[in-house]
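The chains referred to below are lettered A, B, ... by the order of the sequence lines, with proteins before strands, and numbering in each begins at 1.
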There are 2 protein chains.
Amino acid sequence: MTTEVSPATGAGHVPAGTRWLDDGEQLAWRAWLHSTQMLQDRLERDLVRSTGIPSAYYEILVQLSETPDRMMRMSELADRCLSSRSRLSHAVSRLEERGWVRRQECPEDGRGLLAVLTDEGFAALEAAAPIHVESVRTHLFDQLSPQQIAAMRDVGETLLRHLGR
Amino acid sequence: MTTEVSPATGAGHVPAGTRWLDDGEQLAWRAWLHSTQMLQDRLERDLVRSTGIPSAYYEILVQLSETPDRMMRMSELADRCLSSRSRLSHAVSRLEERGWVRRQECPEDGRGLLAVLTDEGFAALEAAAPIHVESVRTHLFDQLSPQQIAAMRDVGETLLRHLGR
DNA sequence: GCGGAATAGTCAAGCCCTCAACTACGCTAC
DNA sequence: GTAGCGTAGTTGAGGGCTTGACTATTCCGC
């Protein structure tokens, strides 16, 4: 995403009653939009450059690693990664090519599959994690006061409640 | 982007001294990560569904519309849209196919081109803007208190200062 | 003015994502 | 037990983005 909100337009062409953003809201909107885009972009580039793992794959590895058996149903994995099923399916195929994940039939449900983190996958994650966390610290936490971090969390959680998670 | 930070790993396998995230930081990180992803996703889908314009294109139209002559150098446009030059070049080509933008030679610099917003492009933006701003209100501003909005802006601006803009 | 470096923009290959169609299995009711 | 429907997951086509190589132009020092 990206996107400023109001066109440089005079009044009168658009449906009356549009609640345009005022100046403060415009500034807040641009600050949010640009900072999130730039930060995501920076973290992504750092991660790929230093570990060769795109963040979408990293997230999959993390979710699997946090599970007792290092395995999870494909759909649950998709949900946790905020990913569509199709996208996850493609991603797991590519992770299988790297030898980091394999698919395994699900005993309780003949339709289902389990994504299983291999030892190689776990090792790759273990190597990448310290690098990634350092990047997150450098570009996010080291820049903010404890109050700002608390506020960021509060805003994030409020939005998540509305968006449903 | 996406991405949890620490692997479910015992101590000892990774370089000593990694500054792992504590519980509060983890929660703040996940809240930020998931809320920004979900919100961007939601706004993008709303915009495409109701106007047919992806946010990357919308941003280009907005930037051009805010300029006195509705034209801008390709590189400046790329910078303002947080876009690579290649990406912008592709996007402008596609906007040209829609008849919303055209390229024009730059008088002062034979290497350069100007992207010019056409009347059709301006009309498309004018039609889309109220719909988009309503979506931003619904999913962002209507969910937050004035204090939260101020905090969001503060955090965003702080991060932008570090990331350079 | 000339040679080399820097800048503006484009293009092709490859990767990733989305959308919609598809297969396969499970569940329920009759 | 089988029809019909819902769920799990995959697949392929098509579009967008990134990277890196390429052309054209300008700038700068001499």
Side-chain angles (χ1 to χ4, degrees), chain A residues 1-3 37-38 40-49 52-61 64 71-98 100-116, chain B residues 1-3 37-38 40-49 52-60 71-98 100-116:
Chain A
M1 269 259 1
T2 193
T3 294
Q37 282 185 184
M38 289 188 75
Q40 286 173 346
D41 200 61
R42 181 57 159 274
L43 294 173
E44 173 77 33
R45 282 170 193 280
D46 274 10
L47 187 60
V48 170
R49 182 177 41 71
I53 309 176
S55 51
Y57 296 6
Y58 185 88
E59 173 91 12
I60 292 171
L61 300 181
L64 290 176
M71 58 181 61
M72 196 184 293
R73 287 291 292 270
M74 292 292 284
S75 343
E76 189 181 350
L77 189 50
D79 289 345
R80 293 202 195 224
C81 294
L82 304 182
S83 175
S84 71
R85 290 165 189 218
S86 171
R87 182 188 179 201
L88 182 79
S89 181
H90 286 299
V92 166
S93 298
R94 292 180 303 251
L95 288 171
E96 262 186 321
E97 288 168 16
R98 294 194 186 196
W100 290 354
V101 170
R102 63 188 159 74
R103 276 177 242 244
Q104 185 175 294
E105 287 182 7
C106 177
E108 305 96 48
D109 188 339
R111 296 167 299 182
L113 290 177
L114 291 160
V116 186
Chain B
M1 271 263 356
T2 196
T3 295
Q37 281 184 187
M38 290 188 74
Q40 286 172 347
D41 202 60
R42 183 56 159 277
L43 295 173
E44 174 77 32
R45 282 171 192 280
D46 274 9
L47 188 59
V48 170
R49 183 177 42 72
I53 308 176
S55 53
Y57 296 6
Y58 185 89
E59 172 92 11
I60 292 172
M71 58 180 63
M72 197 184 293
R73 287 292 295 270
M74 294 289 284
S75 341
E76 189 181 349
L77 188 51
D79 289 345
R80 293 203 194 222
C81 296
L82 304 183
S83 173
S84 71
R85 289 162 191 223
S86 172
R87 180 187 180 201
L88 181 78
S89 182
H90 286 301
V92 165
S93 298
R94 292 180 302 251
L95 288 171
E96 262 185 321
E97 287 167 16
R98 295 194 185 196
W100 291 354
V101 170
R102 65 189 157 73
R103 277 179 242 245
Q104 185 176 296
E105 287 183 6
C106 178
E108 305 95 46
D109 188 338
R111 295 168 300 182
L113 291 177
L114 291 160
V116 185

CD1 of A/I53 versus C1' of C/dC16: gap in Å, rounded?
-> 17 Å

Of the non-hydrogen atoms in B/R73 and B/G112, which two are nearest, and what is the gap between them?
-> NH2-CA, 3.4 Å

Between CG of B/D79 and C1' of C/dT7 the distance, given in whole Å, is 13 Å

Find which nucleotide of DNA chain C each of A/S83 and A/G110 is nearest to by heavy atoms, and output the residue with the more 5' nucleotide.
-> A/S83

Kindly compute the distance separating CG (A/L43) from OH (A/Y58), expressed to the nearest 0.5 Å.
-> 11.0 Å

Residue met sooner reading DNA chain C from 5', once B/H90 and B/E76 are mapped to nucleotides | B/E76

Between C/dA8 atom C1' and B/R103 atom CZ, what is the distance in whole Å?
-> 12 Å

Can you find a heavy atom in the side chain of B/S83 that is under 4.5 Å from one in the side chain of B/L77?
-> no

Closest approach of B/E59 to B/C81 (non-hydrogen atoms, all atoms of both residues) = CG-SG, 3.6 Å

Is A/S93 touching bases, backbone alone, or none of the nucleic acid, heavy atoms closer than 4.0 Å?
-> nothing

Least distance between heavy atoms, B/L47 atom then B/P54 atom = CD2-C, 4.1 Å

Respond yes when some side-chain nitrogen or oxygen of A/S86 is under 4.0 Å from OP1 or OP2 of C/dT18, and no when none is.
-> no

Length of the CG-C1' vector between A/L95 and C/dC15, whole Å | 14 Å

Within this structure, what is the CZ-to-P distance between A/R87 and D/dT11, rounded to whole angstrom?
-> 18 Å

Quickly work out the B/E97 CD to D/dG14 C1' distance and round it to whole Å.
-> 14 Å

Length of the line joining B/E108:CD and C/dA8:P, which is rounded to integer Å | 13 Å

Is B/R94 near enough to D/dC17 that one of its side-chain N or O atoms lies under 4.0 angstrom from OP1 or OP2?
-> yes

How close do A/Q104 and A/M71 get, heavy atom to heavy atom, and via which atoms?
-> NE2-CE, 4.1 Å

5' to 3', nucleotides 3-8 of chain D under a 4.0 Å protein heavy-atom cut-off (B base, S sugar-phosphate only, - none) gives ---BBS

Whole-Å distance separating the CD atom of B/E44 from the P atom of C/dC17 = 15 Å

Between A/R87 and A/L82, what is the shortest heavy-atom contact and its length?
-> NH1-O, 3.9 Å

Does A/R45 put a side-chain nitrogen or oxygen below 4.0 Å from OP1 or OP2 of D/dT19?
-> yes

